[in-house]
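In what follows, chains are A, B, ... by sequence order, proteins preceding strands, each numbered from 1.
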There are 2 protein chains.
Amino acid sequence: MSKGLNRLKKILHHEGLRFTTQREAVWREIISSDDHRDADEIYMAIRKKGVSVSRATVYRTIDVLVKNNMVRKLDVGTGPSKFEHKIDTYHHDHIICIQCGRIEEFMVDQIEDLQDKVTQEYGFKLVRHIHQLFGLCKNCQ
Amino acid sequence: MSKGLNRLKKILHHEGLRFTTQREAVWREIISSDDHRDADEIYMAIRKKGVSVSRATVYRTIDVLVKNNMVRKLDVGTGPSKFEHKIDTYHHDHIICIQCGRIEEFMVDQIEDLQDKVTQEYGFKLVRHIHQLFGLCKNCQ
DNA sequence: TTCCTTATTGAGATTGAGTCTCAAAGAAAT
DNA sequence: ATTTCTTTGAGACTCAATCTCAATAAGGAA
C-alpha cells in the first residue's frame, strides 16, 4: 500500500470527492520521488507508466493535494510552479540557483520564530510563507 | 528635477539605451507613489496623464529598472506582479493579506543575518531573496 | 541644423501556464 | 441494476507577459 493513500482517500471522502484511478495515479507519481517537479513533468511521467490522464486532471488533483497539505507548491520565480510531496518531511524553505535551477532545502528554527513574531506585531494571522534564497550554487559561481 | 532621473539617464547611457519620453514617463510614474502597483496600473496612470505609451514599453522599461536596482518586482502569489520604487527606501520584505490584498512592509536584521549564514553554509552566493508572509490582516480575521 | 545610423515604439500577434467547458464515462448509493 | 451525481479529457479560453516588425525618434557627426 502506497504511502498516504489512505489519507488521500479520507481527504477525498471528507470533501465529497471520489477516489478515482487518475487521482490515485497523480498521488502515486508525486510520492514516487523527492524531486521538485512541475505539473507537466508529473503528467508525462504518469502517461509513460501507461495510465490515461489529462493535464487538466493533473492540475485539478494537485490543487486538492496542495489544499490538504499533502503537497507543497513552489514558485521558482520563472517558468511553471514546482511541486513536492510532504510525506515524511519536515518544513523547510529553499535555496535556488538562478543559473542551473538546482534547489536545496533549508530550515532554521530561529527564522521561523522571528517570522511568527513579526506577523503578530503587525496584527496578522500567519497562514503560510514563502522564503526563497536565490543565488549561484558552488558549481555556477 | 524628479528623483533618480539622473541615475536613470546614467543607467540608460551605460547600457547603450536611449533616454526617451516613454522611459522617463514610466520612471516618473513609478516614483510618484509608494504603492505596490502592477504594470497595467502604471500603464493606465501614464496614459491618463496624457503621455502616449504602450503596455510593451511599460514592461520593457520596468525590466530595465528592475535589473538596475531602481525598482523591485513583487510576486504576490496571484495575479500580476507588483512593483515598487527603491528610492529613499531601505530593504524590507512583505506581509500580504490573502483576503483583501493589503501589503505591509517588515524588516528584521536578525533574519537577514541568518539568511546570509544559511546561504554560506550551502556554498551559495546570495543574489536576492523572497520572503513573504501570507495571512489574514486585523480586518479580515 | 541637417543628416544618418541605430534604437525605440506600438498595435497586435504570440507564448505559456493554468483554468474552464461540456458531453461522455465512471463512482457510489439504493 | 438503476439512478444520481461526480469526474474526466480534448480542446477552447484566460491572462500576464513577451515578441514582431514597420514606422518613428534619438542623438552623434559634421
Tell me, for nucleotides 10-23 of chain C in 5' to 3' order, what letter each nucleotide earns: B for a base near a protein heavy atom under 4.0 Å, S for only sugar-phosphate near one, - for neither? B------SSBBB--
Thinking salt bridges, do A/Lys67 and A/Glu15 make one under a 4.0 Å N-O criterion? no
Any Lys/Arg nitrogen of B/Glu104 or B/Arg102 sitting under 4.0 Å from an Asp/Glu carboxylate oxygen of the other?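 Here B/Glu104 pairs with B/Arg102 in a salt bridge, since their nearest N and O are under 4.0 Å apart.
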Distance-minimising heavy-atom pair for [X] and [Y]:
X: A/Val76; Y: A/Phe134; answer: O-CE2, 3.8 Å
X: A/Met70; Y: A/Gly4; answer: CE-O, 3.6 Å
X: B/Gln141; Y: B/Leu136; answer: NE2-O, 3.1 Å

Less than 4.5 Å apart, side chain to side chain, heavy atoms only: is that true for B/Thr61 and B/Ile30?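 They are not in contact (no side-chain heavy atoms under 4.5 Å apart), so the answer is no.
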Would you mind listing the cluster partners of A/Leu126? Hydrophobic ones only (ILVMFWY), side-chain contacts under 4.5 Å, chaining allowed. A/Ile95, A/Phe106, A/Val108, A/Ile111, A/Leu114, A/Val118, A/Tyr122, A/Phe124, A/Leu133, B/Ile95, B/Phe106, B/Val108, B/Ile111, B/Leu114, B/Val118, B/Tyr122, B/Phe124, B/Leu126, B/Leu133
Output all residues satisfying side chain to side chain donor-acceptor pair (under 3.5 Å) with B/Arg7, sequence neighbours left out; order by chain, then residue number. none
For the hydrophobic clusters of this structure (ILVMFWY residues joined by side-chain heavy atoms under 4.5 Å, transitively), does one cluster hold both A/Val127 and B/Ile130? yes
What I want to check is whether the side chains of B/Arg47 and B/Tyr43 have a donor and an acceptor closer together than 3.5 Å. yes
Degree of bending, the helix from C/dT1-D/dA30 to C/dT30-D/dA1 (end axes from five pairs; round to 10°):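 It works out to 30° between the end axes.
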Identify which one of A/His36, A/His129, A/His131 satisfies the ring pair (Phe, Tyr, Trp, His ring centres under 6.0 Å) criterion when paired with A/His94.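 Exactly one option meets the ring pair (Phe, Tyr, Trp, His ring centres under 6.0 Å) with A/His94, and it is A/His36.
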Name the first nucleotide and the last nucleotide along DNA chain D (5' to 3') that come under 4.0 Å of a heavy atom in chain B. D/dA16 to D/dG27
Sort me out a list of protein N/O and nucleotides 26-30 of chain C N/O pairs below 3.5 Å, or just none if empty.
unit_1: C/dG26; atom_1: N2; unit_2: A/Arg18; atom_2: NH1; d: 2.6
unit_1: C/dA27; atom_1: N3; unit_2: A/Arg18; atom_2: NH1; d: 3.1

Is the number of heavy atoms from other residues, nucleotides or ligands under 6.0 Å of A/His91 NE2 greater than 12?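 Buried by this count: over 12 neighbours within 6.0 Å.
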